[in-house]
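One structure is given here, and the rest of the page talks about it.
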Amino acid sequence: MISAEQNELMTRIGPGTAAGKLLRRYWQPVALVDEMKGERLVKAVRLFSENLVLYKTDNGYGLMQRHCPHRGADLAYGRIEPDGLRCSFHGWKYDAAGKCIETPAEPEGSRLCEHIKTVAYPVVEKSGILFAYLGEGAAPAFPQFDCFVAPDAYTFAFKGYWDCNWLQALEVGIDPAHASWLHKYFEDEDTAGSYGKQFRGVPADSDLPISKVLREYDRPEIRVERTEYGMRLHTLRRISDAQTHIRVTNILFPQAFVIPMNAEMTITQFHVPVDDTGCYWYSIFTSFGAPVDKDTMRAQRLRTYPAPDYKPIHGRHDGWGFDAREQQTKTFTGMGFDINIHDQFACESPGVIADRTKENLGTTDKGIVLYRRLLMDAIRKNEAGQLVIDMEKASGPPAIDGIGPTASIDQYWKESDETRRRRSAWAA
């Protein structure tokens with residue numbers, strides 16, 4: 001049972017909070033690279049309850065406090081110049097490190113700018129996403145996860161907003177049992193048209209639609225284990241004495257999961273707080289087979305999460321698109337065929353910050369129980385100055401969806417991962 005105090009500790013992420021200080025020690029997605037294209041490369045962003053401005057100059061990206069240290073004018077309306085961002089109020093200019101480099105309204109020879117510096121954070125580009133380091137001290141090295149080492153042609157990035165706390169958005173990915181219910185379709189589509197769709201293709205080494213597997217084998221066995229990067233989950237659905245369906249999924253501590261999208265593609269999804277009551281998920285789709293059809297993937301997702309804000313077309317305002325007739329005849333939820341809306345409903349409907357003191361957890365929640373222990377332990381260690389982050393050599397991790405021999409299912413998923421990497425143009 002989670003106490004009210006523990007729930008507050010895990011969910012609140014503003015400046016100075018314990019969870020906020022922990023998460024800030026890891027690189028955080030701040031925007032899609034696609035958002036920084038066009039004529040004016042300046043974007044207002046809100047991250048960890050901070051109002052910031054992201055911009056791009058000839059020297060790269062900058063991220064800093066949104067309001068000018070002079071008299072608070074909004075730098076999101078500033079002027080981009082080759083070496084910095086200039087405030088439109090009095091012309092003060094800042095470089096990517098937040099240092100004021102010009103105060104043109106001051107008397108000639110003034111050295112005022114030498115004493116002015118705003119809050120700024122380093123930014124790097126990885127696999128279609130701009131990541132920022134918001135913590136104190138040196139930023140950790142990026143791990144060698146598949147989503148970061150795959151060539152650009154084999155990755156695609158997208159994002160979407162959910163009106164809830166970051167933790168409940170993450171926890172939906174630590175709960176593999178829900179897929180047989182929340183994402184249940186009453187009929188199977190032609191799997192030939194499944195590109196870019198979750199739970200519409202076929203598992204590896206099978207011609208059985210994954211939608212049929214989830215629907216008909218809805219009492220999975222779930223195993224969880226700690227790993228160097230966080231957690232691994234095995235979800236087993238016994239098809240017969242001879243065959244078992246296995247999904248191997250992962251939690252990249254502190255706030256991402258890696259799951260299989262199909263036999264050839266994985267999804268690495270980060271859950272980034274805007275503030276205590278809202279978050280963006282950022283997904284990197286990584287292909288071990290053919291290069292990603294980015295135009296198709298983007299068009300599919302923009303229908304539900306349109307630019308420029310990437311906020312969903314359904315939500316609390318319309319009951320997440322609920323249709324009672326559809327619930328009777330087509331889907332278990334009655335909320336359409338996009339699983340992102342299903343997950344959004346499951347995460348948003350408990351309230352913007354779920355009251356975990358009222359939960360009654362079951363055996364299928366064992367992954368969530370372990371994750372919360374990891375999170376609380378990391379918060380305590382970070383507060384005590386004892387947390388060491390060393391993920392530079394972490395790689396993979398395997399994310400498998402396949403049907404293999406029941407008697408040797410553990411060997412099967414490891415061999416499946418090895419085979420897929422060996423055949424890949426980049427992962428061998």
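In this text the structure is predicted, and so the values were computed from the model without any measurement. We're numbering straight along the sequence, starting at 1.
Side chain to side chain, Trp320 and Glu348 meet the donor-acceptor criterion of an N or O pair below 3.5 Å. Side-chain atoms of Asp309 and Tyr161 include no donor-acceptor pair closer than 3.5 Å. Side-chain N/O atoms of Gln269 and His271 include a donor and acceptor closer than 3.5 Å. Using modelled atom types and a 3.5 Å distance limit, the side chains of Glu264 and Ser287 yield no donor-acceptor pair. Between the side chains of Asp146 and Thr286, no donor-acceptor pair is found at a separation under 3.5 Å. Under 3.5 Å, the side chains of Asp338 and Thr304 contain a donor-acceptor pair of N or O atoms. Between Asp401 and His245, the side chains place a donor N or O and an acceptor N or O closer than 3.5 Å (distance only, hydrogens not considered).
Remark: side-chain polar atoms of Asp190 are not paired, donor with acceptor, to backbone N or O of Gly193 under 3.5 angstrom. The backbone N or O of Gly20 lies less than 3.5 Å from a partner atom in the side chain of Thr17, making a donor-acceptor pair. Side-chain atoms of Asp365 never come within 3.5 Å of backbone atoms of Ile368 as a donor-acceptor pair (strictly under, hydrogens ignored). Remark: side-chain polar atoms of Arg25 are paired, donor with acceptor, to backbone N or O of Leu387 under 3.5 angstrom. Under the 3.5 Å distance criterion, the side-chain polar atoms of Gln168 are matched with a main-chain donor or acceptor of Gly351. Put simply, the side chain of Arg86 gets close to the backbone of Gly91: a donor and an acceptor are under 3.5 Å apart.
The only option from Ile353, Asn165, Thr11 that meets the side-chain contact (heavy atoms from CB on, under 4.5 Å) definition with Thr277 turns out to be Ile353. Considering Lys184, His183, His342 in turn, His183 is the only one that fulfils the side-chain hydrogen bond (donor to acceptor under 3.5 Å, both in side chains) rule with His178.
Nearest approach of Asp276 to Ser49, heavy atoms of both residues: N-OG, 4.1 Å. In terms of heavy atoms, Val123 sits closest to Gly62 at CG2-C, 4.4 Å. Nearest heavy-atom pair, Ile379 versus Ala18, reported as atom, atom and distance to 0.1 Å: CG2-CB, 3.6 Å.
Expressed to the nearest 0.5 Å, how far CD1 of Ile339 lies from CD of Gln344 amounts to 12.5 Å.
At least one side-chain heavy atom of Val53 sits less than 4.5 Å from a side-chain heavy atom of Met64. Looking at heavy atoms from C-beta onward, Ser127 lies out of side-chain contact with Phe156 at the 4.5 angstrom threshold. No side-chain heavy atom of Phe199 sits under 4.5 Å from any side-chain heavy atom of Pro209. Contact check for Arg372 versus Ile2: side-chain heavy atoms found under the 4.5 Å cut-off. In this structure the side chain of Val224 reaches within 4.5 angstrom of the side chain of Ile222, judged on heavy atoms. Leu22 is not listed as a side-chain neighbour of Ile13, based on a closest heavy-atom distance of 4.5 Å or more. Contact of the Ile174 side chain with the Met231 side chain is registered, since non-hydrogen atoms from C-beta on lie closer than 4.5 Å. Contact of the Ile400 side chain with the Pro260 side chain is not registered, since no non-hydrogen atoms from C-beta on lie closer than 4.5 Å.
A cation-pi arrangement is present between Lys126 and Phe142, with the terminal nitrogen or guanidinium carbon under 6.0 Å from the aromatic centre and inside a 45° cone about the axis. Stacking of Arg316 on the aromatic ring of Phe345 is not recorded, the 6.0 Å distance cut-off and the 45° axial limit not both being met.
Counting non-hydrogen atoms of other residues, nucleotides and ligands closer than 6.0 Å to CD of Gln328 gives a total above 12. By the neighbour-count criterion of 12 heavy atoms within 6.0 Å, atom CZ of Arg40 is densely surrounded, having more than that number from other residues, nucleotides or ligands. By the 6.0 Å contact criterion, CZ on Phe186 is enclosed, its count of non-hydrogen atoms from other residues, nucleotides or ligands being greater than 12. The number of heavy-atom neighbours closer than 6.0 Å to CD of Glu383, taken from other residues, nucleotides and ligands shown, is above 12. Counting non-hydrogen atoms of other residues, nucleotides and ligands closer than 6.0 Å to CD of Glu392 gives a total of 12 or fewer.
Between Trp27 and Tyr121, the ring centre distance reaches or exceeds 6.0 Å. Checked against the 6.0 Å centroid criterion, the rings of Phe131 and Phe270 qualify as a close aromatic pair. The six-membered or imidazole ring of Trp162 lies away from that of Tyr280, with a centre-to-centre distance of 6.0 Å or more.
The aromatic rings of His70 and His90 lie perpendicular to each other, with more than 60° between the two planes, well past the 30° mark.
Within the structure, every pair that satisfies the salt bridge (Lys or Arg N to Asp or Glu O under 4.0 Å) test and touches residues 58-71, not counting sequence neighbours, is listed here: Arg66-Asp74.
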Quiz item: Could you walk me through whether Glu35 and Lys56 pass the salt bridge (charged side-chain N to carboxylate O under 4.0 Å, His left out) check?
Solution: CA-CA 11 Å; Glu35 296 180 80; Lys56 186 179 183 182; over 6 Å; no

Quiz item: Given the rule in the side chain to side chain contact (heavy atoms under 4.5 Å, CB included) test, do Ser283 and Phe285 qualify, once you have shown the distances and angles that lead to the verdict?
Solution: CA-CA 6 Å; Ser283 289; Phe285 300 82; 3.7 Å; yes

Quiz item: Would Asp295 and Arg298 count as a salt bridge (charged side-chain N to carboxylate O under 4.0 Å, His left out) if you check the C-alpha gap in whole Å, the side-chain angles of each, and the deciding distance to 0.1 Å?
Solution: CA-CA 5 Å; Asp295 290 339; Arg298 184 179 295 107; 3.6 Å; yes

Practice problem: Run the numbers on Gln28 and Gln255 for side-chain hydrogen bond (donor to acceptor under 3.5 Å, both in side chains), then give the verdict. | Solution: CA-CA 9 Å; Gln28 298 290 335; Gln255 65 206 96; 2.7 Å; yes

Quiz item: Should Lys330 and Glu326 be marked as a salt bridge (charged side-chain N to carboxylate O under 4.0 Å, His left out) after you check the CA-CA gap, both sets of side-chain angles, and the distance that decides it?
Solution: CA-CA 5 Å; Lys330 296 180 180 179; Glu326 179 196 303; over 6 Å; no

Quiz item: What's the verdict on side chain to side chain contact (heavy atoms under 4.5 Å, CB included) for Leu182 and Phe332, showing C-alpha distance, side-chain angles and the deciding distance?
Solution: CA-CA 6 Å; Leu182 186 68; Phe332 192 73; over 6 Å; no

Practice problem: Verify side chain to side chain contact (heavy atoms under 4.5 Å, CB included) between Phe158 and Tyr305, making sure each step is shown before the conclusion. | Solution: CA-CA 9 Å; Phe158 198 75; Tyr305 292 88; 3.8 Å; yes

Practice problem: Determine, step by step, whether Tyr185 and Phe337 satisfy the ring pair (Phe, Tyr, Trp, His ring centres under 6.0 Å) criterion, reporting the C-alpha distance in whole Å, the side-chain angles of both residues, the deciding distance to 0.1 Å, and the verdict. | Solution: CA-CA 8 Å; Tyr185 303 121; Phe337 294 88; 5.7 Å; yes

Self-check item: Derivation of the side chain to side chain contact (heavy atoms under 4.5 Å, CB included) call for Leu32 and Tyr310
Solution: CA-CA 11 Å; Leu32 298 173; Tyr310 298 88; 3.9 Å; yes

Quiz item: Given Lys99 and Glu114, is the salt bridge (charged side-chain N to carboxylate O under 4.0 Å, His left out) satisfied, shown in steps?
Solution: CA-CA 8 Å; Lys99 186 179 184 306; Glu114 297 177 12; over 6 Å; no

